[in-house]
Protein chains: 2
Amino acid sequence: MIPGEFIEHLKRVGVRLTPQRQEILQVLWERAQAGGQPVNAEEVMKCVRSRYPGISLDTVYRTLATFTRKGIVNELQFKDQSRRYELVIQGEHHHHLVCLGCGYVREIAYCPVDIIERVKECYSDFKIEDHSFTIYGYCAQCRED
Amino acid sequence: MIPGEFIEHLKRVGVRLTPQRQEILQVLWERAQAGGQPVNAEEVMKCVRSRYPGISLDTVYRTLATFTRKGIVNELQFKDQSRRYELVIQGEHHHHLVCLGCGYVREIAYCPVDIIERVKECYSDFKIEDHSFTIYGYCAQCRED
DNA sequence: TCCTAGTTAAGAATTATTCCTATTTCTTTG
DNA sequence: CAAAGAAATAGGAATAATTCTTAACTAGGA
Ligand SMILES: [Mn+2]
Ligand SMILES: [Mn+2]
Ligand SMILES: [Zn+2]
Ligand SMILES: [Zn+2]
């Protein structure tokens, strides 16, 4: 079950709670439980449709964008021009190690905060809002030494 | 003029030197000289066409991909799903500060190498190849305090 | 000069994402 | 509880960036 926390978060930030959005949230939550591999819009739609057959892909995209704007999900850009999403767990912040072979994503807790601080000082004409840090490599299965 | 260095690099890595490729290299070089704003494929094509009218957009994409694979250019992914390219200057390594308003890109010399080292140790089952680090914010013009 | 693998142009195709619009549904207010 | 307005949705069309297909061409080595 989705923790009430998320539903409350939605209300708090003034986002209407429609059944479509609940189902999408449910899918993201289940994914987070099942190991944290981020999902793309297509996959979200497929999962949601098993319970809510009529949902449109556009709604999935729109909802994921809304959730991203509201800080409920994290939108990740991949090198193949695709986007995948993951639920933001309150109080957590992490980055990723992405396999260039199979696309497998592993979380890393390290974050270059110190550098971000330094940049804030050196480039004070920029108002810093966000950052991304991704390491690419080959996982055990994909590496060919 | 493009330094011979690049032409030699191409030969060294076994990439045929066609006139199209020379022109693309020239454009990238001029851009690098003119402040380092990365360019997208469309822009490269427009610039090249002024001297080499027949070039196809596909060739530009193909060449940029080849150059990227060979370490001659750097391919940057943006949040709007677009890609932009910059010439790799021998012995330099840098990251970017990107304005979420206008897309303006500023280079930052700081790199989270220490973290990458730590990740190499902790996640030794991954063979690390590459990394990206980008900070997002609003530039002086775009910030609305 | 000849040969051939690698490269190109042109346009079609693909893929992910967004837009359009009529309809529906939350949520608030009376 | 009913009505009204704002926001969200479905469905399909549209867009934009990129990639594919194929036949013709060419760089660079023998
Ligand atoms: Mn994650
Ligand atoms: Mn740069
Ligand atoms: Zn971070
Ligand atoms: Zn770096």
Side-chain angles (χ1 to χ4, degrees), chain A residues 7-27 38-70 72-85 103, chain B residues 4 6-27 38-70 72-85 103:
Chain A
I7 309 291
E8 284 152 28
H9 188 165
L10 284 177
K11 288 189 180 166
R12 202 181 324 122
V13 296
V15 170
R16 275 193 193 169
L17 189 57
T18 67
Q20 290 92 335
R21 284 172 178 178
Q22 287 194 55
E23 293 297 343
I24 289 168
L25 205 47
Q26 175 73 39
V27 168
V39 266
N40 65 20
E42 197 80 30
E43 293 176 282
V44 170
M45 186 193 63
K46 276 181 194 152
C47 292
V48 171
R49 279 205 172 160
S50 66
R51 295 194 197 125
Y52 193 103
I55 200 167
S56 76
L57 185 53
D58 185 47
T59 294
V60 173
Y61 273 110
R62 213 171 344 90
T63 300
L64 290 171
T66 303
F67 285 1
T68 300
R69 225 174 318 110
K70 296 302 185 177
I72 290 156
V73 312
N74 224 348
E75 180 184 73
L76 313 176
Q77 306 283 325
F78 287 77
K79 288 202 170 182
D80 64 348
Q81 303 281 73
S82 71
R83 289 173 182 160
R84 291 193 249 168
Y85 303 82
Chain B
F6 290 103
I7 308 291
E8 284 152 27
H9 188 166
L10 284 177
K11 288 190 181 166
R12 201 179 326 123
V13 296
V15 170
R16 276 195 192 167
L17 190 57
T18 66
Q20 291 91 335
R21 285 172 178 177
Q22 288 195 56
E23 293 297 343
I24 290 168
L25 205 47
Q26 175 74 38
V27 168
V39 266
N40 64 20
E42 196 80 34
E43 292 175 284
V44 170
M45 186 193 63
K46 276 182 194 151
C47 292
V48 171
R49 280 205 170 158
S50 66
R51 295 194 197 125
Y52 192 102
I55 199 166
S56 77
L57 185 53
D58 185 48
T59 293
V60 173
Y61 273 111
R62 212 171 345 90
T63 300
L64 291 171
T66 302
F67 285 1
T68 300
R69 227 175 316 110
K70 297 300 185 180
I72 290 155
V73 311
N74 224 347
E75 179 184 74
L76 312 176
Q77 307 283 325
F78 287 78
K79 289 202 170 184
D80 65 348
Q81 303 279 76
S82 71
R83 289 174 182 159
R84 291 194 248 168
Y85 302 82

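Protein atom CZ of B:Phe78 is 17 Å distant from nucleotide atom C1' of D:dA16, rounded to whole Å. Atom CZ in A:Arg84 sits about 12 Å away from atom P in C:dA16, given to the nearest Å. Following rounding to the nearest Å, A:Leu64 (CG) and C:dT18 (P) show an atom-to-atom distance of 10 Å. Note: CG (B:Asn40) to P (D:dT19) measures 13 Å, nearest angstrom. Distance CG (B:Leu57) to P (C:dA13): 18 Å, rounded to an integer number of Å. Atom CE in B:Met45 sits about 13 Å away from atom C1' in C:dA9, given to the nearest Å. Remark: P of C:dT17 and CD of A:Glu43 are 11 Å apart, rounded to the nearest angstrom. If you take CZ of A:Arg49 and P of D:dT9, they are 14 Å apart, rounded to a whole angstrom.
Summarising the geometry, atom NZ belonging to B:Lys79 is positioned 10.0 Å from atom CZ belonging to A:Arg83; distances are rounded to the nearest 0.5 Å.
In this model, the phosphate group of C:dA16 is not approached by any side-chain N or O of A:Gln81 to a distance below 4.0 Å at OP1 or OP2. Residue B:Tyr61 places at least one side-chain N or O under 4.0 Å from the OP1 or OP2 atom of D:dT18. One finds a side-chain N or O of A:Arg83 lying less than 4.0 angstrom from the OP1 or OP2 phosphate oxygen of C:dT18. Side-chain N/O atoms of A:Gln20 include none lying less than 4.0 angstrom from OP1 or OP2 on C:dT25.
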Report summary line: Quick tally for nucleotides 21-30 of chain D: nucleotides whose base has a protein heavy atom under 4.0 Å get B, sugar-phosphate-only ones S, the rest -, giving B----BBS--

